Structures are given as structure tokens and as C-alpha cells.
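Working notes for the structure below.
Because the structure is a prediction, the values reported are computed rather than measured.
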Amino acid sequence: MRKIILSLIAIFALTMGSLSAQKVALVDMQYILGKIPAYQMMNKQVENLSGKWQKEVKQVEKEAQKLYEKYQKESVFLSDEQKKVKEEKIVAKEKQAYDLKHKYFGPKGELFKKREELMKPIRQEVWKSLKSLANKRGYQIIMDKGTSKIVYADPTVDVSKLVLQDMGL
């Protein structure tokens, strides 16, 4: 973390000549979001949904555990074929639990999708306000001080096309 901060300071120090003509502002997005009632409601909805899905996954995991415990008790009395069938059922139940976890809580899972869906209007409202503030006060770049990410940039500071022109492309 220190290296990242030091790197950012170094980058800012090296580019201060070009930034001196630009107006930069910092915002605390966590603070802003914490003050928005819709964001707090969205978090509660997501927590409730997450809790519901966690219970569902736990139930399937318990079922797999019960199958395993039953198998452990009965395995001495089972034939090899019966053992194989029981083991397959246990593995299938464990896979079902894993698949549910992935479906609900994976990187592109239902929880992620629901959070994105509920956050979209909040994000749009905040961005609209940031853009309005930037236009009124002349800020060309607004950064989140918590993550050091740019949350708003005036399109006129984008020099991508100039770079391509300079490269002859």
C-alpha cells in the first residue's frame, strides 16, 4: 500500500508542470455514499438477499454433511457398488453446494449483478452531480481520495487522439 501511495506521489510530482494548469479536486466517495438514503437501502436489500442465499447454500452443505456421516456409519456394511453409489451422491451434493455458491457469490454471480443493478441509478446521480460541480467550479479532474481513482475527468483533458496523431496513426 505504501508503495502505491509513494508511486502516486512520484507520478504527481513528475507531472506537476502539466497539472499546474488543471484544477483537480478530491472527493470521499464512501462518505458521500454513506449519506445517500438510497445507498443505505440498497445495502440492506443486498445484505438480506445475501443472507437468504447463504442459508440456502448452508442447507445444501448440511445435507452433504449428513449424507457423509450416514455413509461413514454404514460403510462397513455396504458392498463396493453401494459405497460407490453413496460416494457419488455425496460428491453430487457437494458439487451442488459449490455451484450454488458460485452462482450467487461468484465474481459475476447473482449478488454482483443485483448490486450493480441497484447501484446504477445511485452512481448516475452522483456522477451527474460531480459533472455539474466540475463545470461550475472549473475542475478538470475529480479523484476519490479513498481509492485514488479518477471519478470524473473533463473530456477535453483526454489526449488519446493527439497521441495517435503524433504516432502518425
Side-chain angles (χ1 to χ4, degrees), residues 1-12 24-131 133-134 141-153 155 157-158 160 163:
M1 185 64 174
R2 265 192 153 161
K3 288 182 181 181
I4 294 171
I5 292 172
L6 291 174
S7 297
L8 286 172
I9 291 171
I11 290 169
F12 275 94
V24 178
L26 296 177
V27 295
D28 185 341
M29 291 303 292
Q30 282 305 114
Y31 174 77
I32 291 170
L33 291 173
K35 297 291 184 183
I36 298 173
Y39 179 76
Q40 294 167 358
M41 287 181 7
M42 183 272 311
N43 269 338
K44 285 188 186 218
Q45 278 184 289
V46 169
E47 285 174 21
N48 291 340
L49 199 53
S50 175
K52 175 185 161 193
W53 288 337
Q54 283 175 342
K55 285 179 185 175
E56 187 178 339
V57 169
K58 290 275 186 221
Q59 180 61 37
V60 175
E61 288 174 336
K62 282 181 183 178
E63 290 171 12
Q65 184 63 31
K66 285 179 183 177
L67 286 173
Y68 178 74
E69 289 169 1
K70 185 177 179 184
Y71 170 79
Q72 290 285 52
K73 291 175 185 174
E74 298 174 346
S75 65
V76 208
F77 307 109
L78 299 174
S79 68
D80 286 343
E81 184 61 33
Q82 290 172 321
K83 284 182 182 179
K84 185 177 178 182
V85 169
K86 297 256 185 201
E87 288 169 357
E88 287 172 354
K89 284 183 181 180
I90 293 167
V91 169
K93 191 56 82 171
E94 288 172 341
K95 183 179 181 330
Q96 181 185 0
Y98 173 81
D99 289 345
L100 271 178
K101 274 185 195 175
H102 188 72
K103 175 185 172 189
Y104 293 142
F105 305 108
K108 295 289 182 181
E110 296 298 317
L111 190 64
F112 173 81
K113 290 175 187 174
K114 189 65 173 178
R115 185 183 305 273
E116 287 296 305
E117 173 192 323
L118 295 171
M119 263 307 282
K120 188 175 181 177
I122 297 168
R123 215 179 272 125
Q124 287 173 338
E125 184 180 340
V126 171
W127 192 84
K128 183 179 170 184
S129 181
L130 287 170
K131 182 178 177 184
L133 179 69
I141 297 174
I142 300 177
M143 296 180 67
D144 179 7
K145 71 179 187 178
T147 62
S148 299
K149 290 184 179 179
I150 295 174
V151 291
Y152 171 81
V157 297
D158 183 356
S160 303
V163 171

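To the nearest 0.5 Å, atoms NZ (K120) and CH2 (W127) are separated by 13.5 Å. Between the CE atom of M119 and the CG atom of N43 there is a distance of 8.5 Å, given to the nearest 0.5 Å.
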- Start with the C-alpha gap between K86 and L78, add the side-chain angles, then the distance that decides, and say whether side-chain contact (heavy atoms from CB on, under 4.5 Å) holds. CA-CA 9 Å; K86 297 256 185 201; L78 299 174; 4.1 Å; yes
Exercise. Show your reasoning for whether side-chain contact (heavy atoms from CB on, under 4.5 Å) applies to Q54 and F105.
Key: CA-CA 9 Å; Q54 283 175 342; F105 305 108; 3.5 Å; yes
request  = Begin from the C-alpha positions of E63 and K66 and carry the test salt bridge (Lys or Arg N to Asp or Glu O under 4.0 Å) through to its verdict.
outcome  = CA-CA 5 Å; E63 290 171 12; K66 285 179 183 177; over 6 Å; no
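The residues K44 and E47 are annotated as not salt-bridged, no charged nitrogen and carboxylate oxygen being separated by less than 4.0 angstrom. A salt bridge links D99 with K95; the closest basic N to acidic carboxylate O contact falls under 4.0 Å.
R123 places a side-chain heavy atom less than 4.5 Å from the side chain of E116. Side chains of V126 and I36 form a contact here, defined as non-hydrogen atoms less than 4.5 Å apart. Residues K114 and L49 meet the side-chain proximity criterion, which asks for heavy atoms closer than 4.5 Å.
Nearest heavy-atom pair, A64 versus I90, reported as atom, atom and distance to 0.1 Å: O-CG2, 4.4 Å.
Relative orientation of the W53 and Y104 rings is parallel, given thresholds of 30° and 60° on the angle between their planes.
Crowding of Y68 atom OH: a count of heavy atoms from other residues, nucleotides or ligands under 6.0 Å not exceeding 12.
Tested against E61 for a side chain to side chain donor-acceptor pair (under 3.5 Å), the candidates Q96, K101, K93 yield a single pass: K101.
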